[in-house]
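Numbers restart at 1 for each chain; the letters A, B, ... are given by sequence-line order, proteins then strands.
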Amino acid sequence: MSDLRVRFAPSPTGYLHIGGARTALFNYLLARKLGGTFILRIEDTDVERSTQESVDAILQAMDWLGLSYDEGPFYQTERFDLYKEKVQQLLDEGKAYKCYCSADELDTKREAAMARGDKPQYDGTCRDLDPRDDDAPYVIRFKSKKEGVTSFNDRIKGTISFNNQELDDMIIQRTDGTPTYNFVVVIDDAEMGLTLVVRGDDHVNNTPRQIQIYEALGYPVPEFAHVPMILGADKKRLSKRHGATSVMAYRDMGYLPEAMVNYLVRLGWSFGDEEIFSMDDLIEKFTLENVGRSAGVFNPEKLLWLNEHYIKTGDPQRLGELLGEYLTTLGHPSTDGIDLAEVVKTLQDRSKTMVEMAEKAVFYVTEAVEFDQSAADKFLTAEQVPVFEALVAQLEQCSFDAEGVEAAFKTVLEQTGLKFGKVGQPTRVALSGGTSAPGIYEVILVLGRERSIQRLKDAIARIG
RNA sequence: GCGCUCAUCGUCUAGCCUGGUCCAGGACACCGCCCUUUCACGGCGGCGACAGGGGUUCGAAUCCCCUUGGGCGUACCA
């Protein structure tokens with residue numbers, strides 16, 4: 001047990017995306033490795049854009065990835081009283097002030113400053129205004145330091161410093177009385193006792209402002225670790241334009257959570273030349289020291305490769321259960337008489353995703369085999385009838401196991417004088433409907449004696 | 001524009017801190033060969049990078065500076 005306290009603090013304005021998931025994963029890994037506490041906090045102060053559906057989607061995605069939290073979820077919208085209290089404290093101590101500049105005025109000033117080539121900072125118009133209490137609309141700004149330097153030692157990036165002149169007086173409370181992100185994040189991180197804040201490096205620029213607020217409020221400043229961004233193939237920040245960015249979309253596409261976790265962690269973190277990591281490996285091996293400093297490009301191909309790996313090496317029983325779900329989605333909820341774990345064994349080396357596996361498994365569980373037209377034309381011909389009949393005869397009386405089925409084929413080969421290919425491929429088409437399928441003996445075994453024979457008979461009937 | 005930051009194969013990266021063992025290693029992708037009852041799996045091999053320029057040094061991917069390029073920020077979003 002350690003006193004490490006970390007958190008994942010998504011804003012519920014959409015599904016859990018690749019980048020957020022990685023941040024959550026890093027936090028989770030650190031907490032588990034060091035026996036610390038992992039807190040989940042929902043940053044829903046933007047009441048306009050936050051939705052319960054998003055919260056549910058995020059929770060579901062974390063659950064899918066196996067990222068359990070120890071405390072929370074906490075909702076910021078339920079903590080407004082606390083924030084109000086802190087704003088008042090700052091106001092009372094003269095560390096914050098009311099600003100009556102309108103949003104329009106501010107926009108105008110900002111544009112003017114830009115046009116002049118100046119920094120688009122708030123000019124401090126209301127900073128030293130005498131207190132007045134008319135009812136004109138106002139926001140509350142934090143009175144930041146005008147001189148000196150604010151710096152911190154980032155656990156990933158090293159020391160980062162900002163001239164305080166670069167920091168203007170940011171708004172901590174909106175006209176409507178709600179607090180803003182940069183303010184509440186400090187209060188919550190402090191009140192929740194965080195010792196380390198691991199987040200995306202798009203927050204680096206916010207950090208000095210936040211540090212000043214910690215200090216103004218008398219809170220200890222936690223450590224920070226800013227994780228590099230994830231980019232798309234064009235090196236632009238990852239977005240929907242780059243394809244699926246929702247974690248759950250990958251589940252729907254047939255990805256396994258362990259593949260996603262493994263991929264995500266390797267994007268930015270490494271452990272020598274190793275590529276494959278289970279969650280337990282990661283909890284043991286993950287360290288911030290081995291997280292890179294530069295942004296990385298999301299590479300779907302490698303994710304696919306990892307998925308392929310985990311499918312190939314996965315437990316057939318478990319994969320079989322998942323396969324059932326994907327088959328249901330494909331419209332084949334009934335798998336009566338077919339052992340899906342056995343199906344999995346025949347398809348593990350041939351599927352990159354569970355969806356692909358399900359598509360390939362359909363012929364096993366379907367009532368009516370769907371024939372590939374050209375395959376049927378080519379292999380289900382009149383001359384096959386006697387061959388199929390001979391095979392049926394053998395299958396009816398052979399011992400139904402790998403050796404027995406193989407012997408059955410051998411006998412047919414001898415009887416007909418044909419080479420394996422001449423018997424195997426037509427049989428494959430008769431049983432599966434197409435020319436590409438698992439080994440023919442495996443298919444027969446998984447299908448079962450009865451069903452295999454029936455399909456051969458159906459093929460004979462089909463040929464006419 | 002300004003601020004912060006990053007920079008090794010197409011991509012993820014090892015190496016960089018503690019210069020020489022690196023004419024730079026691994027992985028994905030790609031290409032070729034082999035294996036093979038179809039489709040795959042697999043095995044073997046190949047292609048492919050220290051952004052550029054200055055320094056420092058006997059020696060630099062490794063240290064310093066500049067340039068260039070990328071990312072992020074610059075909201076009454078988070």
Electrostatic pair A:Lys360-A:Glu356, nearest N-O below 4.0 angstrom: yes
Between the base of B:rA78 and the side chain of A:Asn206, is there a donor-acceptor distance below 3.5 Å? yes
Heavy atoms within less than 4.0 Å of RNA chain B: which residues of residues 13-29 of chain A have one? Give them sorted by number. none
Nucleic acid contacts - residues 430-437 of chain A versus RNA chain B, non-hydrogen atoms under 4.0 Å: A:Thr435, A:Ser436, A:Ala437
Does a donor on one side chain sit under 3.5 Å from an acceptor on the other, for A:Thr180 and A:Asn182? no
Pair A:Asp123 + A:Arg110, salt bridge at N-O below 4.0 Å: no
Check each residue of residues 137-148 of chain A for a non-hydrogen atom within less than 4.0 Å of any atom in RNA chain B, then write out the ones that pass by number, or none. A:Val139
Rounded interatomic separation in angstrom, taking CG from A:Asp372 and P from B:rC39: 14 Å
Can you check whether any acceptor in the base of B:rG25 is under 3.5 Å from a donor in the side chain of A:Asp273, or vice versa? yes
Go through residues 344-351 of chain A and report each residue with a non-hydrogen atom lying under 4.0 Å from RNA chain B, sorted by number. A:Asp349, A:Arg350
Using a heavy-atom cut-off of under 4.0 Å over every strand shown, decide if A:Glu275 touches base, sugar-phosphate, or nothing. base
Compute whether any side-chain donor of one residue and acceptor of the other, for A:Tyr100 and A:Thr125, lie under 3.5 angstrom apart. no
State whether A:Tyr122 and A:Arg141 meet the cation-pi test: NZ (Lys) or CZ (Arg) under 6.0 Å from the six-membered ring centroid, and within 45° of the perpendicular axis. yes
Can you confirm whether the side chains of A:Tyr219 and A:Glu191 place a donor and an acceptor under 3.5 Å from each other? yes
Using salt bridge (Lys or Arg N to Asp or Glu O under 4.0 Å), reason through A:Asp188 and A:Arg7 one step at a time and then give a plain yes or no. CA-CA 10 Å; A:Asp188 283 339; A:Arg7 49 72 162 179; over 6 Å; no
For A:Gly421, answer base if it contacts any base atom (sugar-phosphate contacts may also be present), sugar-phosphate if it contacts only those atoms, and nothing otherwise; contact means non-hydrogen atoms under 4.0 Å. nothing
Sticking with atom C1', work out how far B:rC44 lies from B:rC35, rounded to a whole angstrom. 11 Å
B:rC31, syn or anti by chi within 90 degrees of zero: anti
Please compare A:Ser270 and A:Asn205 by the position of their nearest nucleotide in RNA chain B and report the one closer to 5'. A:Asn205
Looking for any heavy atom pair under 4.0 Å, which part of the strands does A:Tyr441 touch: base, sugar-phosphate only, or nothing? base
Under 4.0 Å between a side-chain N or O of A:Lys312 and OP1 or OP2 of B:rG42? yes
Which is true for A:Lys419 with a 4.0 Å heavy-atom rule: it touches a base, it touches only sugar-phosphate, or it touches nothing? nothing
Tell me what A:Pro228 touches on the nucleic acid: a base, only sugar-phosphate, or nothing, going by heavy atoms under 4.0 Å. nothing
Would you say that A:Leu330 contacts A:Tyr326 through its side chain, given a criterion of any heavy-atom pair below 4.5 Å between the two side chains? no
Please confirm whether the shortest side-chain N or O distance from A:Lys235 to OP1 or OP2 of B:rC6 is below 4.0 Å. no
Is it the case that B:rG26 (base atoms only) and A:Glu274 (side chain only) share a donor and an acceptor within less than 3.5 Å, ignoring hydrogens and angles? no
Heavy atoms under 4.0 Å, any strand shown: does A:Ser161 hit a base, just sugar-phosphate, or nothing? sugar-phosphate
Would you call A:Lys84 and A:Asp81 a salt bridge, taking side-chain N to carboxylate O under 4.0 Å as the test? no
Under 3.5 Å, sequence neighbours excluded: what are the donor-acceptor pairs made by side chains of residues 258-269 of chain A?
from	atom 1	to	atom 2	distance (Å)
A:Glu258	OE1	A:Arg318	NH2	3.1
A:Glu258	OE2	A:Arg318	NH1	2.6
A:Glu258	OE2	A:Arg318	NH2	3.4
A:Asn262	OD1	A:Phe277	N	2.9
A:Asn262	OD1	A:Tyr310	OH	2.5
A:Asn262	ND2	A:Glu275	O	2.9
A:Tyr263	OH	A:Asn299	N	2.6
A:Arg266	NE	A:Glu275	OE1	3.2
A:Arg266	NH1	A:Trp269	O	2.9
A:Arg266	NH2	A:Glu275	OE1	3.4
A:Arg266	NH2	A:Glu275	OE2	3.2
A:Trp269	NE1	A:Thr287	O	3.4

P gap between B:rC63 and B:rG15, integer Å: 13 Å
Using purine N1 to pyrimidine N3 plus N6-O4 or O6-N4 for Watson-Crick, or N1-O2 and O6-N3 for G-U wobble, each under 3.5 Å, what pairs with B:rC35? none
When the P atoms of B:rA78 and B:rG3 are compared, how many Å lie between them, rounded to an integer? 27 Å
Do other residues, nucleotides or ligands put more than 12 heavy atoms under 6.0 Å from A:Glu105 CD? yes
Audit row: A:Arg41, A:Asp189, salt bridge (Lys or Arg N to Asp or Glu O under 4.0 Å) steps and yes/no: CA-CA 10 Å; A:Arg41 184 175 73 228; A:Asp189 285 344; 2.8 Å; yes
Nucleic acid contacts - residues 286-295 of chain A versus RNA chain B, non-hydrogen atoms under 4.0 Å: A:Arg293, A:Ser294
If only side-chain N and O atoms count, and only distance matters, is there a donor-acceptor pair under 3.5 Å linking A:Thr353 with A:Asn307? no
Pick the C1' atom in B:rC31 and in B:rU67, then give their distance to the nearest Å. 37 Å
Spacing between A:Phe420 atom CZ and B:rC39 atom P, to the nearest angstrom: 13 Å
Residue pair A:Ser270 / A:Asn290, side-chain donor-acceptor N/O under 3.5 Å: no
Assign A:Arg49 to base, sugar-phosphate, or nothing according to its heavy-atom contacts below 4.0 angstrom with the strands shown. base
Mate of B:rC30 where both pairing distances stay under 3.5 Å, Watson-Crick or G-U: B:rG46
What nucleic acid atoms does A:Asn182 come within less than 4.0 Å of, heavy atoms only: base, sugar-phosphate, or nothing? base
May I ask you to check whether A:Ser278 and A:Asp281 show a side-chain donor-acceptor distance below 3.5 Å? yes
Let me know the distance between CZ of A:Phe162 and C1' of B:rU74, rounded to the nearest Å. 11 Å
Could you check whether A:Lys360 gets within reach of a base, just the sugar-phosphate, or nothing at all, counting any heavy atom under 4.0 Å? nothing
Decide whether A:Thr346 and A:Tyr364 meet the rule of one side-chain donor and one side-chain acceptor closer than 3.5 Å. yes
Rounding to the closest angstrom, what is the interatomic distance between B:rA60 and B:rC65 at atom C1'? 15 Å
Give a yes or no on whether a donor-acceptor pair under 3.5 Å exists between the nucleobase atoms of B:rU37, that is its base, and the side chain of A:Arg428. yes
Is it the case that the side chains of A:Arg428 and A:Gln425 hold a donor-acceptor pair, with the cut-off being a distance below 3.5 Å and no angle test? yes
Atom C1', compared across B:rU13 and B:rA61: separation rounded to whole Å: 14 Å
Distance check needed: B:rG73 C1' versus A:His226 NE2, whole Å only. 12 Å
What interatomic distance, in whole Å, is found between P of B:rA27 and the corresponding atom of B:rC66? 38 Å
Please work out whether the ring planes of A:Tyr28 and A:Phe38 are parallel, tilted or perpendicular, with thresholds of 30° and 60°. perpendicular
For the rings on A:Phe26 and A:Phe286, is their centre-to-centre separation under 6.0 Å? yes
Please report the distance separating the P of B:rC12 from the corresponding atom of B:rC76, rounded so that it comes out in whole Å. 35 Å
